[in-house]
Each structure stands twice: as structure tokens, then as C-alpha cells.
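One structure is given below, encoded as C-alpha cells.
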There are 2 protein chains.
Amino acid sequence: MNSIAMLNKDQIKQLFPDWEDGLYESIIEHAELRTAPAGATLLKMGQNIKSTMLVVEGTVKLYQENEEGAEYFMYHLNPGEACAVTMVCNYHLEQSQVLAKAVTDVSFLAIPIEFMDKWLNQYKSWHYFVIRTYRLRYEELLKTIHETAFKNMDERLEFYIKRQVKQFGNTLKLTHQEIANDLNTSREVVSRLLKKMENHQWIVLNRNSFEWIKKD
Amino acid sequence: MNSIAMLNKDQIKQLFPDWEDGLYESIIEHAELRTAPAGATLLKMGQNIKSTMLVVEGTVKLYQENEEGAEYFMYHLNPGEACAVTMVCNYHLEQSQVLAKAVTDVSFLAIPIEFMDKWLNQYKSWHYFVIRTYRLRYEELLKTIHETAFKNMDERLEFYIKRQVKQFGNTLKLTHQEIANDLNTSREVVSRLLKKMENHQWIVLNRNSFEWIKKD
DNA sequence: GATTGACTGTGATATTTATCACAAAGGACT
DNA sequence: AGTCCTTTGTGATAAATATCACAGTCAATC
């Protein structure tokens with residue numbers, strides 16, 4: 001992860017239009033603009049949280065992870081969005097309960113968490129931003145629970161694909177193994193279900209990718 | 001649901017010790033103290049949210065619900081805790097994504113949501129309270145996802161029982177059917193798994209209740 | 001164009017969970 | 001004690017998913 005030149009106020013303002021004046025300046029002063037290549041792990045489970053992450057470019061994927069290293073995809077973060085988990089106030093001891101990975105090349109603002117408390121006190125717009133972030137992520141988790149608790153794998157796969165399509169368009173560059181990892185199932189199960197979808201003409205299968213063509 | 005006499009400042013302060021002075025008075029002025037009997041539904045999925053709920057007495061259970069009315073238990077709310085879902089600002093149009101039920105007889109403070117925006121502006125301690133509420137609920141959801149995504153039914157049942165034990169003590173007054181509903185599985189499955197736990201001497205089974213005796 | 005390695009397809013089988021069927025047990029009430 | 005209703009126990013079977021095994025396919029590389 002490299003630290004490169006900072007954004008200027010207008011650039012930040014475009015991403016986070018609802019903030020107040022002093023806050024932009026504080027960001028410029030104290031945040032660090034970092035980059036990471038596609039596939040990089042940005043935050044590990046159990047890792048001490050040292051900074052808050054605001055996505056500037058690219059897409060980040062948030063996972064739950066278990067003891068054996070199995071992953072479970074929860075939701076995406078896009079430019080202008082923030083990682084709720086890292087917005088800790090008070091403690092320097094909080095450990096991450098999630099795994100965050102860069103899907104594409106990403107750049108993000110990293111703010112040392114010692115500013116969290118201060119900014120909450122100082123900037124109303126930051127306060128609102130934190131609440132909005134939690135609310136949005138909370139709602140994403142509810143959707144994830146809904147799928148996981150009530151649906152069979154075929155429907156969960158469809159939901160998963162639709163989420164990806166919304167993010168990346170109809171052609172998805174994903175191997176069956178990658179999908180299986182995200183859904184915590186096995187490659188064979190995904191292959192068979194995708195084949196069924198192809199038979200139903202919901203998708204067109206290719207090597208290393210497929211296209212969603214279902215109209216609904 | 002009845003509206004009864006309001007709490008006094010000291011009583012509220014005991015439940016919510018971190019608030020500031022004006023906020024207690026605003027609560028007394030605008031909140032309504034309501035009660036509901038054990039088993040009552042406090043909030044339905046899809047229902048328009050008209051007020052924020054702060055638990056005063058008793059325990060509330062939060063569920064996800066699907067189209068067919070199947071339920072999935074997510075977490076408890078205890079006195080001094082609040083329902084994150086109902087802490088909406090801005091909109092009067094938000095619909096509940098969760099189902100809330102009284103486990104015991106409960107009393108709670110209901111605050112019309114038109115005050116949410118105002119209080120966020122006016123009271124820092126309220127702002128912090130909202131953030132803390134979201135954070136706590138978010139973490140509960142993460143735990144729920146972890147269990148649901150990675151564990152088999154035997155482990156999920158154990159996790160479920162331990163949560164209940166933490167709430168209500170070692171003797172749980174639950175039928176197998178009730179547990180099955182909370183875990184979105186079938187009564188037979190629960191019966192068989194409980195019987196196994198009894199054989200392992202983790203529990204003692206009785207009619208309409210059982211006792212957790214595993215020491216770990 | 002032969003080799004290599006990652007990806008995909010698919011049968012066979014095991015495991016987990018759901019569903020059906022029905023019996024037995026316990027408590028409440030007459 | 002007998003009736004009724006809810007709860008619990010458990011076999012049999014079905015359905016969903018996981019695992020194992022292996023073959024075929026494609027693309028990159030030498």
C-alpha cells in the first residue's frame with residue numbers, strides 16, 4: 001500500500017458533498033491517500049483498527065471470515081462510502097470483525113482513529129456521515145441475513161449475481177471457484193447451478209466469465 | 001399497548017446514564033411510556049416507522065422475517081438499549097426491515113421520529129447514543145451472520161441456547177417448536193439435536209423447558 | 001504443436017437437513 | 001379415570017448440499 005499525493009478540496013467535495021467546510025480541511029491535513037491493487041487485503045479479521053477507511057476509487061468487498069479461513073461475502077463499498085467497522089470512537093483496542101478486500105485497484109483515505117472522537121464533537125456533518133454509514137451497512141447486513149437464513153443455494157446464487165451485475169455490469173469476470181468462496185459453498189455446486197441457469201437462458205457461460213441475460 | 005404514567009428524570013437517568021441535561025427533559029416532554037405483554041408484536045416487517053423505541057423494562061427479540069412469515073432470530077434488546085431500525089432521521093416513509101416481539105412483559109419509551117433530526121442537532125449525547133446503538137446492533141448482526149453462514153444446525157443451536165442462557169439463566173422455558181421457529185428449522189430437527197445434547201450431558205430435558213448444565 | 005496449469009462439467013456417493021407419519025407422554029379439565 | 005390437546009420422540013424417506021473422482025477444455029508458454 002503506497003501513500004501518494006493528497007486530493008484537493010474539490011475532489012473530496014465531489015465524493016462527500018454533504019460535509020461542512022472545516023471538515024474538508026481536516027481531511028486534507030490528517031488523512032492519508034492510499035492505494036491498493038485488485039485482490040489486496042485491506043483489513044484482516046482480528047486486526048487492530050488503526051484508521052478509518054473512506055473509499056475514493058474502486059470497489060471494496062466486505063467479508064465475514066471463520067476460523068478456518070473460509071469467507072462469506074456481505075456487501076460492497078463504493079467511492080464515497082465508508083467502512084462502518086473502522087469508524088470506532090474511544091478505543092484504540094478494537095479489533096476488526098470483518099475482512100475487507102480490494103476488488104479492483106482502489107484508492108482510499110485513511111484517517112487515524114484518534115481523530116474520530118474529536119471530529120464527532122467538532123463536525124456535525126461528520127456525525128451525520130457516521131450515522132448514515134452505519135445505517136447503510138446495517139441494512140446491507142439485514143439483506144445478507146435474509147438470503148442466508150431463508151434461501152436455498154440457487155436463489156442465493158441468483159441474488160449474488162444480481163448484486164455483482166449492479167456493481168460491474170452484465171458481464172462478470174468471475175470463476176466458479178471465486179463465487180463458491182464468496183458464498184461459502186463448493187465449486188461443483190456453483191458449476192451445476194450456473195449450468196442450470198444457462199439452460200434457463202438466464203446467463204451465457206464462458207471461460208473465466210459469464211453474462212447475465214435474464215430480463216426481469 | 002397502553003400509555004401510562006411517564007418516568008421521572010432519575011429513573012430515565014438510571015437507564016441512560018450518559019445523556020445530557022436537556023435531553024432528559026425532552027424525553028419526559030415528548031416520549032410516551034408504553035407497555036406490551038409477553039409475546040406481543042411491537043414492530044412488523046414493512047410497517048411504517050413512526051417512533052423510536054427505547055427499552056425500559058423486559059426483553060425484546062428482533063427477527064428477520066420472510067414472505068411466508070417464517071422468522072429468524074437475530075438478537076435481544078434489554079433495558080437501556082434501543083432499536084436501531086427505528087432511529088430514522090429525515091424520512092417519515094421508512095419501513096421496518098425487522099420484526100420486534102416482546103419476550104417478557106415490556107415497557108418502553110416511544111419517541112415520535114420527528115424529534116430524531118432535531119435531537120441529533122441539539123444533543124451531542126443523543127448523537128453518541130444513536131451511533132453506539134447502531135454499532136452494537138451491527139456487531140450482533142455480524143455474529144448472527146457468522147453462525148448462519150458457517151455453522152451446521154448443531155452448532156447454531158448451541159450458540160442459540162447460550163445466548164438465551166445469558167439472557168434468562170440456565171433454565172429455559174422454550175418448546176422445541178419455538179426454538180425451531182427462531183432458527184428457521186423444523187421441530188423434529190431441534191428435538192433430535194436436543195436429545196443428543198442430553199446424551200452428552202449438556203442439558204436436562206423437561207416438558208416445556210430444559211436446563212443448560214454444560215460447564216465450559 | 002506439445003506441455004502445463006487453471007478452469008469447467010458431471011457422475012457417484014456421503015452428509016446434512018427437511019418432511020411425513022405416527023406413537024407416546026404429560027398436563028388440564030371434567 | 002377418561003378425554004383432549006400440546007409436546008416430545010423417533011423411524012422412514014426425500015431433498016439439498018458437500019465431497020470425491022476424474023475427464024475434458026481452454027489459454028498461455030516454451
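Heavy atoms only: backbone and side chains are in, while hydrogens, waters and symmetry mates are out. Below, chain A is the first sequence line, B the second, and so on; all start at residue 1.
- Counting heavy-atom neighbours within 6.0 Å of A/Lys162 NZ, excluding the residue itself, gives a total above 12.
- A sub-4.0 Å separation between OP1 or OP2 of C/dA6 and a side-chain N or O of A/His176 is absent.
- Proximity of A/Val130 to B/Tyr134: side-chain heavy atoms (C-beta onward) are nowhere separated by under 4.5 Å.
- Between B/Thr175 and B/Asn208, the shortest heavy-atom contact is CG2-OD1, 3.5 Å.
- Listed pair B/Thr185 / C/dA18 meets the phosphate criterion, a side-chain N or O lying under 4.0 Å from OP1 or OP2.
- Atom P of nucleotide C/dG26 and atom NZ of B/Lys173 are separated by 18 Å, given to the nearest angstrom.
- Between the two ends of the helix from C/dG1-D/dC30 to C/dT30-D/dA1, each summarised by a five-pair axis, the helix axis turns through 20° (rounded to 10 degrees).
- The residue from B/Asn78, B/Leu43, B/Val55 that alone fulfils the side-chain contact (heavy atoms from CB on, under 4.5 Å) condition with B/Val60 is B/Val55.
- At a cut-off of 3.5 angstrom, counting only N and O atoms as typed in the model, there is a donor on one side and an acceptor on the other between the side-chain of A/Arg207 and the base of C/dA6.
- No N or O donor and acceptor, one from the side chain of B/Arg156 and one from the base of C/dT17, sit under 3.5 Å apart.
- The base of D/dT7 is not paired with the side chain of B/Arg187 by any donor and acceptor separated by under 3.5 Å.
- D/dG9 atom P lies 10 Å from atom CG of B/Asn199, rounded to whole Å.
- Within 3.5 Å, no donor on the side chain of A/Gln177 pairs with an acceptor on the base of C/dC7, nor the reverse.
- The CG atom of B/Asn208 sits 10 Å away from the C1' atom of D/dT8 (whole-angstrom rounding).
- Heavy atoms of A/Ser186 sit under 4.0 angstrom from at least one base atom.
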